Number of protein chains: 2
Amino acid sequence: MPRPPQRLLSPEIITEAAIESVDETGDFTMPGLAGRLKVRPSSLYNHVSGRAEIVEFMRARLMAGIDVTSQSGSWSETVAALASEYRRSYAEHPRLIPLFTAHTVQAGVAFGLYNALAQAFSDGGFEPGETLHAITTVDSFVLGSALDLAAPEVQWSSGPEVNNAMKAALATSGKNPERADAAFEFGMRVLISGLVAQLPTAH
Amino acid sequence: MPRPPQRLLSPEIITEAAIESVDETGDFTMPGLAGRLKVRPSSLYNHVSGRAEIVEFMRARLMAGIDVTSQSGSWSETVAALASEYRRSYAEHPRLIPLFTAHTVQAGVAFGLYNALAQAFSDGGFEPGETLHAITTVDSFVLGSALDLAAPEVQWSSGPEVNNAMKAALATSGKNPERADAAFEFGMRVLISGLVAQLPTAH
DNA sequence: ACCTGAACACCGTTCAAGT
DNA sequence: ACCTGAACACCGTTCAAGT
């Protein structure tokens with residue numbers, strides 16, 4: 001069969017198919033992608049350098065969906081809005097997140113977000129060193145929360161090893177994603193009030 | 001060659017070899033493990049059910065290294081000590097952590113830690129629902145921070161897309177693991193003071 | 001009980017051959 | 001320019017055969 005009249009593939013098409021595959025199955029393979037796109041596996045290599053690059057394209061697509069134009073109110077409200085927006089973006093495709101943890105984030109894809117956070121912390125009165133740590137703290141918390149969202153139902157099997165305090169806590173647990181959402185909102189309140197408390201002017 | 005006089009393998013020996021491999025290379029394979037143990041790949045299946053079980057054994061070994069007997073002072077000091085101990089345990093083998101994010105934690109391996117956290121939050125006056133969210137918040141933050149530790153040097157390539165606030169922040173950045181350690185300690189202070197602020201009696 | 005050898009299905013990637 | 005077919009090295013796993 002000769003080359004078809006219309007182009008069958010592009011990096012965007014491949015990335016989209018990979019995201020669909022991960023959404024549905026939790027992972028993707030090159031043959032699986034090829035099958036989804038009615039193409040042979042070797043054809044993919046005309047558009048992407050390999051599997052690793054597809055993962056980076058997925059990361060970039062997710063990061064590009066983050067809206068950093070949240071110029072509302074105080075610096076702490078801006079940080080809260082950015083963190084929520086960051087996590088919302090992850091939450092659209094929770095099963096992608098484990099794929100991202102294997103390799104470090106190649107800077108450049110997240111400039112917008114990091115710039116906006118740095119501006120907010122700087123405006124709030126944090127020194128540069130604290131600003132870097134504050135960004136890292138927000139980043140760590142959002143990533144950890146997103147992984148929590150990707151986790152299936154926790155089978156806690158309230159056995160005898162669970163003490164009373166934990167039993168009572170578990171009894172309140174709803175299903176994902178509601179439980180993970182509520183935990184994230186609680187953690188956000190904790191984080192923001194804790195950040196405010198770090199400023200000398202705050203006491 | 002017949003069966004050797006001494007047992008060559010055990011789940012513990014295999015788990016240990018896997019941890020060594022991940023520490024050195026960031027991953028492990030069954031043939032790689034077999035080579036390390038001077039054995040054929042198929043021999044491993046007499047002791048473990050497969051690759052996935054080895055990952056769970058590594059997780060259990062890491063979790064078992066967490067010392068939860070930190071009965072010092074107030075509830076918030078206990079939480080801080082537990083979180084630090086949790087993170088210290090991860091930090092001993094940072095490259096393991098990405099392997100753990102693919103599958104959810106099967107409860108049971110972390111009872112001790114979760115019980116101790118639940119007790120501390122309950123003692124502090126948190127209601128059961130808040131206790132669950134507080135545990136999740138600590139868990140998310142520690143996991144995210146541990147992944148930050150596993151990341152290689154951040155190549156930030158201070159290009160023109162980086163704004164002034166971010167440039168100043170990056171200029172203070174040291175090398176890992178020192179940078180990640182300092183960020184974790186900053187985040188811990190934020191988290192603890194934020195948790196204290198959630199209690200009605202705290203204002 | 002436990003190690004081995006051979007085998008199988010599958011994966012990521014390369015590359016010459018086509019149009 | 002881009003899809004294909006064949007090939008390669010590699011991986012996880014199974015299982016009958018040995019002792």
Side-chain angles (χ1 to χ4, degrees), chain A residues 1-60 95-96 98-104 106, chain B residues 1-60 95-96 98-104 106:
Chain A
M1 204 186 320
R3 170 160 65 109
Q6 294 292 77
R7 63 184 7 256
L8 294 174
L9 297 177
S10 73
E12 291 74 24
I13 290 170
I14 293 170
T15 303
E16 200 58 41
I19 291 174
E20 280 178 28
S21 172
V22 175
D23 280 347
E24 290 169 18
T25 72
D27 205 353
F28 77 96
T29 67
M30 304 301 274
L33 241 49
R36 207 174 266 266
L37 296 167
K38 311 280 186 199
V39 126
R40 301 295 138 200
S42 54
S43 305
L44 300 169
Y45 292 85
N46 287 300
H47 303 269
V48 296
S49 67
R51 200 190 128 88
E53 192 176 60
I54 298 177
V55 172
E56 289 316 303
F57 283 164
M58 292 195 291
R59 195 207 300 269
R95 304 182 83 176
L96 283 184
L99 295 179
F100 297 156
T101 63
H103 296 66
T104 190
Q106 282 302 5
Chain B
M1 205 188 316
R3 170 161 63 108
Q6 296 293 75
R7 59 179 17 253
L8 293 174
L9 297 177
S10 73
E12 292 74 25
I13 291 171
I14 293 170
T15 303
E16 200 58 41
I19 291 174
E20 280 179 28
S21 173
V22 175
D23 280 347
E24 291 170 18
T25 71
D27 205 353
F28 77 96
T29 68
M30 303 302 273
L33 240 48
R36 207 174 268 266
L37 295 167
K38 312 282 187 198
V39 127
R40 300 295 138 199
S42 53
S43 305
L44 301 169
Y45 292 85
N46 287 299
H47 303 269
V48 297
S49 68
R51 198 190 130 87
E53 193 176 60
I54 298 176
V55 173
E56 289 316 302
F57 283 163
M58 293 193 290
R59 195 207 299 269
R95 305 182 83 176
L96 284 184
L99 296 180
F100 296 156
T101 62
H103 295 67
T104 189
Q106 281 303 5

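Computed from a predicted structure; not experimentally measured. We name chains A, B, ... by the order of the sequence lines, and we start the count at 1 in each one.
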Separation of atom [atom1] in [X] from atom [atom2] in [N], rounded to whole Å:
{"X": "A/E53", "N": "C/dG12", "atom1": "CD", "atom2": "C1'", "result": "14 Å"}
{"X": "B/L44", "N": "C/dG5", "atom1": "CG", "atom2": "C1'", "result": "15 Å"}
{"X": "A/M30", "N": "D/dT4", "atom1": "CE", "atom2": "P", "result": "14 Å"}
{"X": "B/N46", "N": "D/dT14", "atom1": "CG", "atom2": "C1'", "result": "12 Å"}
{"X": "A/L33", "N": "D/dC3", "atom1": "CG", "atom2": "C1'", "result": "16 Å"}
{"X": "A/F28", "N": "C/dC11", "atom1": "CZ", "atom2": "C1'", "result": "12 Å"}
{"X": "A/Y45", "N": "D/dC3", "atom1": "OH", "atom2": "P", "result": "14 Å"}
{"X": "B/L9", "N": "C/dA1", "atom1": "CG", "atom2": "P", "result": "16 Å"}

Query raised in the report: Would you say the side-chain atoms of A/R95 pair up with the backbone N or O of A/D27, donor to acceptor, closer than 3.5 Å?
Result: no
Rounded to the nearest 0.5 Å, what separation is found between the [atom1] atom of [X] and the [atom2] atom of [Y]?
{"X": "A/L96", "Y": "A/M58", "atom1": "CG", "atom2": "CE", "value": "5.5 Å"}
{"X": "B/L33", "Y": "B/T15", "atom1": "CG", "atom2": "OG1", "value": "8.5 Å"}
{"X": "B/L99", "Y": "B/I54", "atom1": "CG", "atom2": "CD1", "value": "11.0 Å"}

Query raised in the report: Quick one: does NZ or CZ of A/R36 land under 6.0 Å from the six-membered ring centre of A/F28, within 45 degrees of the ring axis?
Result: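 Geometry flag: not set, cation outside 6.0 Å or 45°.
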Query raised in the report: Under 4.0 Å between a side-chain N/O of A/H47 and OP1 or OP2 of D/dA1, yes or no?
Result: no
Requested in this report: Tell me whether the OP1 or OP2 atom of D/dG5 has a side-chain N or O from A/R40 closer than 4.0 Å.
Outcome: yes
Report task. Pick base, sugar-phosphate or nothing for B/S43, based on heavy-atom distances below 4.0 Å to the nucleic acid. Result -> base
Report task. Go ahead and name the base partner of C/dG5; Watson-Crick or wobble counts if both distances stay under 3.5 Å, otherwise write none. Result ->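 Check on C/dG5: paired to D/dC15, both distances under 3.5 Å.
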Report task. With DNA chain C as reference, determine whether A/S49 or A/G32 sits nearer its 5' end, using the nearest nucleotide of each. Result ->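 The answer here is A/G32.
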Query - Donor/acceptor link under 3.5 angstrom from B/S42 side chain onto base of C/dG5 - result: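 Present.
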